[in-house]
Amino acid sequence: MSITAVAYPNIALIKYWGKRDETFNLPATGSLSMTLDVAPTRTTVTLAPGADDDVATWRGEAMSGDDLTRVRSFLDLVRELAGSRVRAVVETANEIPTGAGLASSASGFAALAAAASGAYGLDLTERDLSRLARRGSGSAARSVFGALVQWHAGRDDASSYAEPLPASALELALVVAVLSPGRKPVGSREAMRRTAATSPFFPAWVASVPTELEAMRRAIADADFGAVGELAEANALRMHATMLGAVPPVRYWNADTVAALDLVAQLRTDGLSAYATMDAGPNVKVLCRPQDAGAVAERFTAAFEDVNLLIAGPGPGVRIEGTR
Ligand code: PMV
């Protein structure tokens with residue numbers, strides 16, 4: 001049995017930063033994101049009866065170390081649910097630089113959850129698929145669904161899942177400016193752990209997110225682009241402020257990050273409605289209206305010599321592409 005699934009990355013407008021429980025990946029707060037229509041991850045899981053262990057490849061190359069361990073632990077979860085001991089071959093490929101704060105783990109574990117649960121014969125609801133994807137990487141819970149999605153913090157494994165927001169007239173584009181494609185020095189798992197354990201700002205972050213989530217939901221329902229952008233930019237900066245307060249500090253920013261944030265501020269001064277957001281990496285993503293995305297991208301191309309740009313709109317949830 002072989003199943004191929006495709007999932008897209010998502011970018012949070014209200015971020016997930018910090019866990020309440022590491023075993024189940026229960027978040028300290030809820031979060032809210034947009035699933036993108038670029039840079040999908042495509043993953044095939046093939047059952048391998050008789051094989052001694054799971055094998056995984058990324059773009060045809062054997063995975064090893066922590067990456068392989070994470071895939072195997074995830075398959076163990078799926079096997080436990082399915083009551084199976086059969087090993088699997090996992091083939092995966094994605095089109096964005098992994099580990100640069102571009103949410104490749106979100107599309108990766110959403111695709112793996114869908115392909116593996118299918119290959120092992122689990123017939124999961126979308127909600128249960130979201131709960132399963134969460135175990136691989138928290139943000140993956142949101143990539144199960146398309147467009148605008150909220151992940152409810154929940155109280156336990158059963159109640160912590162994502163679901164799509166009600167349809168809204170809001171039109172959003174996201175310009176992803178990749179200035180530093182390298183792998184980040186500290187992974188989000190360790191960075192969250194350190195922030196939650198040592199940053200004096202973390203309790204303030206946890207206390208403020210629910211209010212921000214409510215305000216974001218309202219701004220989306222009202223299709224108020226300016227309010228969405230202001231809330232998203234402020235939330236991303238607050239997330240980074242909590243990390244800067246950790247011991248030792250977690251700083252993903254570099255000189256290009258600051259220059260990109262300056263450019264976004266300049267775009268607003270010039271009359272373009274654009275707002276910045278950032279994840280666990282140095283790259284800056286710009287929220288704008290779809291009709292302004294080309295102009296935003298041009299300004300980045302003019303300002304930075306080595307910038308790779310992706311223009312994204314709202315994308316679909318995870319889907320099964322093929323069964324053999
Ligand atoms: O899902 P993880 O463990 O890779 O964490 C993602 C964290 C952020 O991208 C920084 C924020 C978010 O909500 O996606």
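Start at 1 with the first residue, then count along the sequence. All values below were derived from every heavy atom in this structure, side-chain atoms included, with hydrogens, water molecules and symmetry-related copies excluded. Indexing begins at 1, ligand by ligand and atom by atom, following the structure's order.
The closest donor-acceptor contact from the side chain of Arg131 to the backbone of Asp157 lies under 3.5 Å. The main-chain N or O of Pro282 is found under 3.5 Å from a side-chain atom of Thr257 such that the two form a donor-acceptor pair.
Note that the CG atom of Leu13 and the CE atom of Met216 stand 4.5 Å from one another [nearest 0.5 Å]. Atom CZ of residue Arg142 and atom CG of residue Asn10 lie 4.5 Å apart, to the nearest 0.5 angstrom.
Listed by number with element, the atoms of ligand 1 under 4.0 Å from a non-hydrogen atom of Met192 are 3 (O), 5 (O), 7 (C). Against a heavy-atom cut-off of under 4.0 Å, Ser188 is close to the following atoms of ligand 1: 2 (P), 3 (O), 4 (O), 5 (O). Near Ala280, meaning under 4.0 Å from one of its heavy atoms, ligand 1 places the atoms 10 (C). Every atom of ligand 1 with a heavy atom of Ser105 under 4.0 Å away is listed here by number and element: 4 (O).
At a heavy-atom distance under 4.0 Å, only side-chain atoms of Arg142, from C-beta outward, approach ligand 1.
Between Tyr16 and ligand 1, a contact under 3.5 Å exists for at least one N or O pair. Inclusion of Ser139 in the set of residues having an N or O under 3.5 Å from an N or O of ligand 1 is warranted. Between Asp279 and ligand 1, a contact under 3.5 Å exists for at least one N or O pair. Below 3.5 Å of separation, one finds an N or O of Ser137 facing an N or O of ligand 1. Of the polar atoms of Trp17, none of the N or O atoms is found under 3.5 Å from an N or O of ligand 1, judged by distance alone.
In summary, the side chains of Trp151 and Ser160 do present a donor paired with an acceptor at a separation below 3.5 Å, with no hydrogens or angles considered. Looking at Asp156 and Ser159, their side chains do bring a donor and an acceptor atom within 3.5 Å of each other.
Look at Glu22 and Arg189 and you find no salt bridge, because none of the NZ, NE, NH1 or NH2 atoms lies under 4.0 Å from a carboxylate O.
Judged by the 6.0 Å and 45° rule, Arg127 forms a cation-pi pair with Tyr161.
Taking 4.0 Å as the cut-off, Arg189 does not count as a neighbour of ligand 1 on heavy-atom distance.
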